[in-house]
Amino acid sequence: MTRGRLERAVPVVLFGAVNKVAIGFSDHSGWAVLAVVRETATGPEFVLRQRVLLCPRALPRQAYHAVAEEGAPEPIIAEVEAVSRTMAGAALELAAKSAGMALSVVAVAMGRTAIPADRQRILKTHTLLHAAEGELYREALSDAGASTGLRVVRFLNKEVRSEAAAALGWQLEQLEAYLMTVGKSVGAPWTKDEKDATAAAMLALAIESSQ
């Protein structure tokens with residue numbers, strides 16, 4: 001699997017060309033919410049949001065827990081990893097088709113806990129179990145983006161809005177107001193996931209537009 005690097009954003013005040021499109025994810029075990037944002041001459045513009053599956057119902061969404069606590073065979077982790085990458089790729093393709101636009105960059109969260117290569121160590125440590133479950137799907141999304149030629153931006157989990165605001169050169173309050181306005185425009189569902197996915201896409205777009 002690829003290990004996406006965290007790219008620190010630089011303030012962006014003016015947007016340039018109007019052909020860049022970003023997709024951001026708010027991920028969970030086995031599913032995620034995505035948002036697509038495009039660049040315009042006046043700034044980022046929300047395009048769409050979708051909820052997508054990253055693990056089929058026939059497989060355990062928390063594969064590491066299934067092995068460590070439920071007696072599932074260890075190879076099932078690799079099976080979930082492979083299937084989730086395929087489903088992540090399909091989600092990217094569907095989002096681009098729904099938006100009617102070619103994607104330029106994808107934003108995926110990253111946790112603060114380093115995941116060791118030793119799987120047995122993960123399976124024996126409660127904290128690592130939880131961290132590995134989250135990173136499994138984030139790596140699937142990152143791998144899918146990279147394999148289709150998209151730039152992959154990683155951001156610290158739970159800090160996406162502050163990072164997006166900094167990248168845009170906005171105050172955090174300005175970003176929150178923007179997200180509130182978008183939510184009123186597009187209607188429900190507009191939960192934390194939709195907001196965070198949109199902020200992630202805005203972060204990626206700001207970084208991409210600064211190049």
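Please read these numbers as outputs of a predicted model, since none were measured by experiment.
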Donor-acceptor check, side chain of [X] to backbone of [Y], threshold 3.5 angstrom: yes or no?
X    : Y    : answer
T125 : I122 : no
S185 : T181 : no
S210 : I207 : yes
E39  : L205 : no

Is there a side-chain contact between [X] and [Y] (heavy atoms, below 4.5 Å)?
X    : Y    : answer
P73  : V67  : no
V37  : V47  : no
L123 : R119 : yes
L59  : V83  : yes
L150 : S104 : no
L48  : Q50  : yes
K20  : V105 : no

Please report the C-alpha distance between R138 and M110 in whole Å, then the side-chain angles of each, then the deciding distance to 0.1 Å, and finally whether the side chain to side chain contact (heavy atoms under 4.5 Å, CB included) criterion is met. CA-CA 7 Å; R138 292 168 188 156; M110 61 185 294; 5.5 Å; no
Do T42 and T40 pair up side chain to side chain, a donor and an acceptor below 3.5 Å, judged on atom types alone? yes
Please determine which of L92, L34, L141, V33 meets the side chain to side chain contact (heavy atoms under 4.5 Å, CB included) test together with V52. L34
Atom of [X], atom of [Y] and distance for their closest heavy-atom approach:
X    : Y    : value
L103 : I23  : CD1-CG2, 4.1 Å
M87  : L54  : SD-C, 3.6 Å
Y178 : P44  : OH-O, 3.1 Å
V152 : A146 : CG2-N, 3.7 Å
A109 : D27  : CB-OD1, 3.8 Å
F25  : A32  : CD2-CB, 4.1 Å

Working for side chain to side chain contact (heavy atoms under 4.5 Å, CB included), residues R61 and E133: CA-CA 8 Å; R61 293 189 305 169; E133 300 287 16; over 6 Å; no
Gap separating the OG atom of S142 from the CD atom of E135, nearest 0.5 angstrom: 8.5 Å
Inter-residue atom distance E81.CD - I77.CD1, 0.5 Å rounding: 7.0 Å
Identify, with sequence neighbours excluded, every residue that meets ring-ring contact (aromatic ring centres under 6.0 Å, His included) alongside H130. H65, H126
W31 ring center within less than 6.0 Å of Y137 ring center: no
Quick check: are there more than 12 heavy atoms from other residues, nucleotides or ligands sitting under 6.0 Å from CD of E93? no
Within a 6.0 Å radius of atom CD on Q171, are there more than 12 heavy atoms belonging to other residues, nucleotides or ligands? no
Output, in order, the C-alpha distance, side-chain angles, deciding distance and verdict of salt bridge (Lys or Arg N to Asp or Glu O under 4.0 Å) for R38 and E45. CA-CA 5 Å; R38 75 184 184 100; E45 179 180 87; 2.6 Å; yes
I'd like to know if M180 and V182 are part of one continuous hydrophobic network [Ile/Leu/Val/Met/Phe/Trp/Tyr, side-chain heavy atoms within less than 4.5 Å]. no
Output a table of donor-acceptor pairs, distance under 3.5 Å, between side-chain atoms of residues 186-202 and any protein atom two or more places apart or on a different chain; print 'none' if there are none.
from : atom 1 : to   : atom 2 : distance (Å)
W190 : NE1    : L179 : O      : 3.0
T191 : OG1    : D193 : N      : 3.3
T191 : OG1    : E194 : OE1    : 2.4
K192 : NZ     : D196 : OD2    : 2.6
D193 : OD1    : S26  : OG     : 2.7
D193 : OD1    : H28  : NE2    : 2.7
D193 : OD2    : H28  : NE2    : 3.2
E194 : OE1    : T191 : N      : 2.7
D196 : OD1    : R161 : NE     : 2.8
D196 : OD1    : R161 : NH2    : 3.1
T198 : OG1    : E194 : O      : 2.8

